[in-house]
Protein chains: 2
Amino acid sequence: MALSAALLAVAGELTQRIHEGVVARGFEGIRPAHGFAFVRLAPDGATVTELAAHLGVTKQAASQLVEEIVRKGYAERRPHPGDARARLVVLTGQGWACTRAAEEAAAEVVGTWAALLGEGEVRALSEQLGRIAPYGPIRPAW
Amino acid sequence: MALSAALLAVAGELTQRIHEGVVARGFEGIRPAHGFAFVRLAPDGATVTELAAHLGVTKQAASQLVEEIVRKGYAERRPHPGDARARLVVLTGQGWACTRAAEEAAAEVVGTWAALLGEGEVRALSEQLGRIAPYGPIRPAW
DNA sequence: GTTATTAGTCAAGCTCCTTGACCATCTGAC
DNA sequence: GTCAGATGGTCAAGGAGCTTGACTAATAAC
């Protein structure tokens with residue numbers, strides 16, 4: 001199997017398994033795209049415009065996504081310190097719990113890889129991928 | 001950087017670069033989803049239903065995708081030998097040329113990884129990913 | 001203080017996928 | 001042979017999620 005095909009197949013599998021794991025942990029109404037947003041919001045929150053850049057979509061699309069995760073209780077809007085135009089979007093407790101659930105699900109999948117490859121090779125895989133990973137926006141994986 | 005994040009970032013980058021490479025070689029009106037279809041059609045063609053299973057979408061969606069790539073000259077419908085209900089969708093010369101262009105673009109990207117990691121590590125990466133790659137449908141990577 | 005830029009939202013439209021209905025053909029039981 | 005159910009494919013309608021365009025409020029540049 002070609003490298004490209006294997007990489008894309010593994011990435012698709014990973015995205016799907018994480019999503020299933022998150023749903024299995026009781027978080028509903030969530031799509032993979034939301035998870036990619038949570039990654040950006042998690043450290044200290046972000047503005048709609050920053051989120052749009054992270055996801056590689058227009059700020060209108062990011063605004064709609066924020067509206068949705070706010071409505072579902074995963075995030076909330078706060079006034080931005082130092083810029084009255086902007087609003088800081090931060091995760092709620094439920095948003096953090098969902099993020100942790102996604103990390104657990106991801107760890108489970110990686111665990112199945114470790115069973116196939118061994119711990120050492122998984123570390124090598126991680127190190128190699130880290131060295132070729134780009135810095136740009138992270139796009140939802142389907 | 002976590003393994004999951006690196007993997008998804010690399011996969012997103014790969015998909016985007018392949019798409020850009022295909023466009024740069026003069027093939028327009030094509031999306032990554034079409035490329036995933038070409039992979040299934042390339043060896044000996046496939047029916048709409050088989051293609052739908054490969055892509056993980058409904059057969060209606062696959063039928064619309066086939067309609068689109070036929071209209072754009074990348075594939076054509078032929079009577080299916082042995083089943084008058086079914087139609088075999090096969091790539092045209094242009095479809096094959098586009099597939100080769102995608103392979104060239106993919107090889108270019110892998111070449112940039114080889115420059116970062118070295119040939120040996122890229123081979124190791126390929127071998128490891130091949131061992132954990134699933135067999136199921138390949139989903140478009142954004 | 002005026003002007004240009006930036007953050008965010010509203011509205012309309014497009015693309016691609018879904019569900020539901022339908023016809024044509026194949027398969028298997030009788 | 002024939003008839004019921006399964007299967008391949010398409011048509012039609014609707015929805016989710018993205019885009020472009022227009023707009024307001026606040027900031028930054030000068």
Side-chain angles (χ1 to χ4, degrees), chain A residues 12 15-16 19 23 28-38 40-41 44-72 74-90 137-142, chain B residues 12 15-16 19 23 28-38 40-41 44-72 74-90 137-142:
Chain A
T15 303
Q16 188 176 352
H19 181 239
V23 170
E28 302 208 348
I30 282 291
R31 289 173 291 113
H34 295 143
F36 290 100
F38 287 6
R40 181 64 182 83
L41 298 179
D44 300 297
T47 66
V48 164
T49 300
E50 290 165 349
L51 189 56
H54 175 76
L55 295 176
V57 299
T58 60
K59 59 181 181 177
Q60 291 91 326
S63 182
Q64 288 176 4
L65 188 147
V66 166
E67 164 60 26
E68 187 179 353
I69 61 178
V70 165
R71 177 165 39 82
K72 291 178 177 168
Y74 293 101
E76 59 187 13
R77 297 187 182 91
R78 291 185 184 168
H80 192 287
D83 190 340
R85 295 171 303 178
R87 299 211 270 174
L88 199 59
V89 181
V90 298
I138 296 183
R139 296 169 176 279
W142 92 82
Chain B
T15 304
Q16 188 175 354
H19 182 238
V23 170
E28 303 210 347
I30 282 290
R31 291 171 290 113
H34 296 142
F36 290 100
F38 287 7
R40 181 63 183 83
L41 298 180
D44 299 297
T47 65
V48 164
T49 299
E50 289 166 351
L51 189 56
H54 176 75
L55 295 176
V57 298
T58 61
K59 59 183 182 177
Q60 292 91 326
S63 182
Q64 289 176 4
L65 189 146
V66 167
E67 165 59 27
E68 186 180 353
I69 61 178
V70 165
R71 178 165 39 80
K72 291 177 177 168
Y74 292 101
E76 60 187 11
R77 296 188 183 92
R78 292 185 183 169
H80 191 288
D83 191 339
R85 295 171 304 177
R87 300 213 268 174
L88 199 58
V89 181
V90 298
I138 296 184
R139 297 170 176 278
W142 94 83

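What you see is a predicted model; the values in this text were computed from it and never measured. Quick note on labels: first sequence line is chain A, next is B, and so on, each numbered from 1.
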| remark: Contacts of B/E76 meeting side-chain contact (heavy atoms from CB on, under 4.5 Å) (sequence neighbours excluded), chain-then-number -> B/R78, B/V90, B/T92
| Closest contact, heavy atoms only, B/F36 versus B/H54 | O-NE2, 3.2 Å
| said: Please enumerate all residues that pass salt bridge (charged side-chain N to carboxylate O under 4.0 Å, His left out) together with A/E50, with sequence neighbours excluded. | reply: A/R40
| Angle by which the axis turns from one end of the helix from C/dG1-D/dC30 to C/dC30-D/dG1 to the other, five pairs per end, to 10 degrees | 30°
| request: Applying side-chain contact (heavy atoms from CB on, under 4.5 Å), name anything that partners A/V70, two or more places apart in sequence or on another chain. | output: A/V66, A/A75, A/R77
| Does a nitrogen or oxygen in the side chain of B/R31 sit under 4.0 Å from OP1 or OP2 of C/dT15? | no
| request: Among residues two or more places apart or on two chains, list those pairs meeting salt bridge (Lys or Arg N to Asp or Glu O under 4.0 Å) that have a residue in residues 51-65 of chain B. | output: none
| Under 4.0 Å protein heavy-atom contacts per nucleotide of nucleotides 1-12 of chain D, with B for base, S for backbone only and - for none | -----BBBBBB-
| message | Looking at every non-hydrogen atom in both residues, tell me the closest pair between B/L41 and B/V89 and how far apart they are. | response | CD2-O, 3.6 Å
| query | Rounding to a whole Å, what distance do you find between A/F36:CZ and D/dG17:P? | reply | 15 Å
| Partner set under salt bridge (charged side-chain N to carboxylate O under 4.0 Å, His left out) for A/R87, not counting sequence neighbours | none
| message | Can you list everything that forms a side-chain contact (heavy atoms from CB on, under 4.5 Å) with A/R85? Sequence neighbours excluded, please. | response | A/D83
